**Q** 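Pasting in a structure now, in structure tokens, and then I'll have a few things to ask.
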Amino acid sequence: MPELSFTYIIIGTGLAGASAVEGIRELDQKGSILLLGAEKDLPYDRPPLSKQLWTGAKAVEEIFLHDEEFYRKNAVDLRLGVEATRIDPAERTVHDSQGNTLHYQRLLLATGGTPRRLDIPGGDLEGISYFRSLHDYRQLRRSATAGKSALVIGGGFIGSELAASLCINKLNVTMVFPAPWLLERAFPESLARYLTEDYRKRGVTIISRDVPRSIERDGVGFVARVHGGREIHADLIVAGIGITPNIQLAQAAGLTTGNGVVVNEFLQTSHPDIYAAGDIAFTPQKILGARRVEHWDNAVSQGKHAGRNMAGANQAFRYIPFFFSDLFEFGYEAVGQIDSNLSTFADWQEENKTGVIYYLDSQRVRGAMMCNVWGKVDEARALIEKAQEVSVEQLRGLIH
Ligand SMILES: Cc1cc2nc3c(=O)[nH]c(=O)nc-3n(C[C@H](O)[C@H](O)[C@H](O)COP(=O)(O)OP(=O)(O)OC[C@H]3O[C@@H](n4cnc5c(N)ncnc54)[C@H](O)[C@@H]3O)c2cc1C
């Protein structure tokens, strides 16, 4: 079997992996790079898959992070549709699904996550969309035509975004999720209630506090039965019930893992030549505590940072990433700990539409969500980094 050597190998052609190429090339223009990924498409942005591609704000051709020329110009050996099957830290090798043994000096694991599947009878029926990739988007888009019925399982970020997008495309949407309201883990109750009601007014049937217990085929569609007894007939089913980080390679190689691949502040795993970034990385964070983050800015900034460190920068990752979403006309950018278990103060200019929600712990700002308020992420981040006690009076009107 062929043996090849590279200065850098990156496993995963997602946001973190592709961003690592940029980080490496900032400091090292010569070292050879192998970027290897299981998906067949060129690296692309995931957020538009559940939003802009459905509203017409973007076309598929616009979501690729770089064109092929970028990889050629940067001398990246890009291998798409190839899976890394095993890594051997002692030998510094990666084995791939084509039987190659690939040697590295520095390795980045950027393998992202796999959608969780419904562990119920019928949860593995063909045609249920466990939505994550451009391939999944293309499949769903083909079947999601106006007038059809869609069941969206899950009331978190992906479920809520997809339900809005399908509704905008004139499908009859039903949502089922275990929480009392949409996005209740992130949003304060009053906002979560308001948004849930807003979805209802737009024609989405909401079945909250319930989950499916079985799914069966029903002609060309499906019938789902929920614990509360209702039967939901749907032409298509999409599930957005979270992801499991792809840590199997790291586990099998004996790297330290837990809720993700454990890295230090330089984004190094328990083996110093192997780094991890993006959705899989369990990262120390001085102010917010160690965590694994499943958001775009985290994948981009960690990927780039890991790339720079692999090329010798050796800098600690201290950045607090932000995230964003759009639910019909409700758009927001958020930074820090967006957790409805914290106490919150909502500084609305227009209630539930425009304003800033602060998430507080012991009177210190831990997170801020700017609702239809744009370009204020840096201000909010600075407030979190200050970690000083603040009063509601001090927060009122502070960011607008
Ligand atoms: C539909 C959708 C919408 C989103 N919207 C938002 C949003 O609005 N705002 C926001 O902040 N975040 C959003 N996110 C989250 C954000 O896109 C992710 O956090 C980000 O994509 C994570 O990047 P990553 O590179 O860590 O992992 P991924 O993008 O998952 O990439 C990992 C890659 O590794 C590959 N891989 C896995 N194992 C192997 C292997 N053994 N060998 C080779 N390749 C392998 C996978 O196939 C995949 O291509 C969204 C995510 C999705 C799915």
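Atom set for the values below is all heavy atoms of this structure, side chains included, hydrogens, waters and symmetry mates excluded. It should be emphasised that the depicted structure is a prediction, and the values quoted were computed from it without experimental measurement. First listed ligand is number 1; within each ligand, the first listed atom is number 1.
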**Q** Under a 4.5 Å cut-off applied to non-hydrogen side-chain atoms, are Asp96 and Arg86 in contact?
**A** no
**Q** Please state which option from Phe322, Phe323, Trp296 has its nearest heavy atom closest to atom 12 (N) of ligand 1.
**A** Trp296
**Q** Measure from NZ or CZ of Arg202 to the centre of the six-membered ring of Phe328, then state whether that distance is under 6.0 Å and the direction lies within 45° of the axis.
**A** yes
**Q** Under 3.5 Å between some N or O of ligand 1 and some N or O of Arg132?
**A** yes
**Q** Would you say Ala84 has any N or O atom under 3.5 Å from an N or O of ligand 1, going by distance alone?
**A** yes
**Q** Can you name the one residue among Tyr194, Trp181, Tyr332 that meets ring-ring contact (aromatic ring centres under 6.0 Å, His included) with Phe187?
**A** Tyr332
**Q** Quick check on His227: does its NE2 atom have over 12 non-hydrogen neighbours (other residues, nucleotides or ligands) under 6.0 Å away?
**A** yes
**Q** Give a yes or no on this: more than 12 heavy atoms of other residues, nucleotides or ligands lie within 6.0 Å of atom CG of Asn314.
**A** yes
**Q** What part of Val293 sits under 4.0 Å from ligand 1 if we count only heavy atoms: the side chain, the backbone, both or neither?
**A** neither
**Q** Report the part of Lys51 in contact with ligand 1, treating N, CA, C, O as backbone and CB onward as side chain, heavy atoms under 4.0 Å; options are side chain, backbone, both, neither.
**A** side chain
**Q** Does Arg116 make a cation-pi contact with Tyr130 (under 6.0 Å, within 45 degrees of the axis)?
**A** no
**Q** For atom 4 (C) of ligand 1, what is the nearest protein heavy atom, given as residue, atom name and distance?
**A** Pro47 CA, 3.6 Å
**Q** Identify the protein heavy atom lying closest to atom 26 (O) of ligand 1, giving its residue, its atom name and the separation to 0.1 Å.
**A** Asp279 N, 2.9 Å
**Q** I'd like to know if the side chain of Gln302 pairs up with that of Thr283 as donor and acceptor (distance under 3.5 Å, no hydrogens or angles considered).
**A** yes
**Q** Would you mind running through ligand 1 and noting each atom that sits below 4.0 Å from a heavy atom of Val82?
**A** 43 (C)
**Q** Should the pair Asp339-Arg185 be classified as a salt bridge under the 4.0 Å nitrogen-to-oxygen rule?
**A** no
**Q** Return the residue, atom name and 0.1 Å-rounded distance of the protein heavy atom closest to atom 29 (O) of ligand 1.
**A** Arg46 NE, 2.7 Å
**Q** Kindly compute the distance separating CG (Leu42) from CG (Leu78), expressed to the nearest 0.5 Å.
**A** 6.5 Å
**Q** If we only consider heavy atoms of Gln302, is any one of them less than 4.0 Å away from an atom in ligand 1?
**A** no
**Q** Please classify the Asp326 to ligand 1 contact at 4.0 Å (heavy-atom distances, strictly less than): side chain, backbone, both or neither.
**A** neither
**Q** So if I count the atoms of ligand 1 from 1 in the order they appear, which ones are less than 4.0 Å from some heavy atom of Leu249?
**A** 41 (N)
**Q** To the nearest 0.1 Å, how far is atom 39 (C) of ligand 1 from its closest protein heavy atom, and which atom is that?
**A** Thr111 CG2, 3.7 Å
**Q** Would you tell me which option among Ala38, Pro48, Ala16 has the nearest heavy-atom contact to atom 45 (C) of ligand 1?
**A** Ala38
**Q** Considering only non-hydrogen protein atoms, determine which one is nearest to atom 52 (C) of ligand 1 and report residue, atom name and distance to 0.1 Å.
**A** Ile158 CD1, 3.6 Å
**Q** Are any of the N/O atoms on Asn246, whether in the backbone or the side chain, positioned under 3.5 angstrom from an N/O atom of ligand 1?
**A** no
**Q** Number the atoms of ligand 1 from 1 as they appear, then name those within less than 4.0 Å of a heavy atom of Gly14, with their elements.
**A** 25 (O), 29 (O), 31 (O), 33 (C)
**Q** Let me confirm one number: the CD-CD1 distance from Glu379 to Ile384, rounded to the nearest 0.5 Å.
**A** 12.0 Å
**Q** So is Ile280 close enough to ligand 1, meaning a heavy atom under 4.0 angstrom away?
**A** no
**Q** What residues form a ring pair (Phe, Tyr, Trp, His ring centres under 6.0 Å) with His66, not counting sequence neighbours?
**A** Phe70, Tyr71
**Q** Applying ring pair (Phe, Tyr, Trp, His ring centres under 6.0 Å), name anything that partners Phe157, two or more places apart in sequence or on another chain.
**A** His295, Phe323
**Q** Taking the side chain as everything from C-beta on, heavy atoms only, tell me whether Leu107 gets closer than 4.5 Å to Tyr275.
**A** no
**Q** With a 4.0 Å cut-off on N to O distance, would you call Arg213 and Glu231 a salt bridge?
**A** no
**Q** So how far is it from Asp297 CG to Ile320 CD1, rounded to the nearest 0.5 Å?
**A** 11.5 Å
**Q** Thinking salt bridges, do Glu184 and Arg193 make one under a 4.0 Å N-O criterion?
**A** no
**Q** Identify the closest protein heavy atom to atom 21 (O) of ligand 1: which residue and atom is it, and at what distance?
**A** Leu15 CD1, 3.2 Å
**Q** Tell me the contacting part of His295 for ligand 1: side chain, backbone, both, or neither, using a 4.0 Å heavy-atom threshold, strictly below.
**A** both
**Q** By number and element, which atoms of ligand 1 are closer than 4.0 Å to a non-hydrogen atom of Gly113?
**A** 30 (O)
**Q** Is the shortest N/O to N/O distance between Glu83 and ligand 1 below 3.5 Å?
**A** no
**Q** Looking at non-hydrogen atoms alone, which of Glu39, Glu161, Lys40 comes nearest to atom 49 (O) of ligand 1?
**A** Glu39
**Q** Determine whether the side chain, the backbone, both or neither of Phe157 has a heavy atom under 4.0 Å from any heavy atom of ligand 1.
**A** neither
**Q** Return a yes/no value for Phe324: is any of its N or O atoms, backbone included, closer than 3.5 angstrom to an N or O of ligand 1?
**A** yes
**Q** What protein heavy atom sits nearest atom 15 (C) of ligand 1, and how far away is it?
**A** Glu294 O, 3.7 Å
**Q** Considering Ala18, Ala281, Ser50, Pro321, which one's heavy-atom position lies nearest to atom 3 (C) of ligand 1?
**A** Ser50
**Q** I need the nearest protein heavy-atom contact for atom 35 (C) of ligand 1: residue, atom name and distance, please.
**A** Gly12 CA, 4.0 Å
**Q** For ligand 1, indicate whether the residue Ile11 contacts it via side chain, backbone, both or neither (heavy-atom separation under 4.0 Å).
**A** side chain
**Q** Do Glu294 and Arg292 sit within salt-bridge range, that is, some charged N less than 4.0 Å from a carboxylate O?
**A** yes
**Q** Side chain, backbone, both or neither: which part of Ala110 has a heavy atom under 4.0 Å from ligand 1?
**A** backbone
**Q** Suppose I only count heavy atoms of Ala299 and a 4.0 Å limit; which atoms of ligand 1 are within that range?
**A** 22 (C), 23 (O)
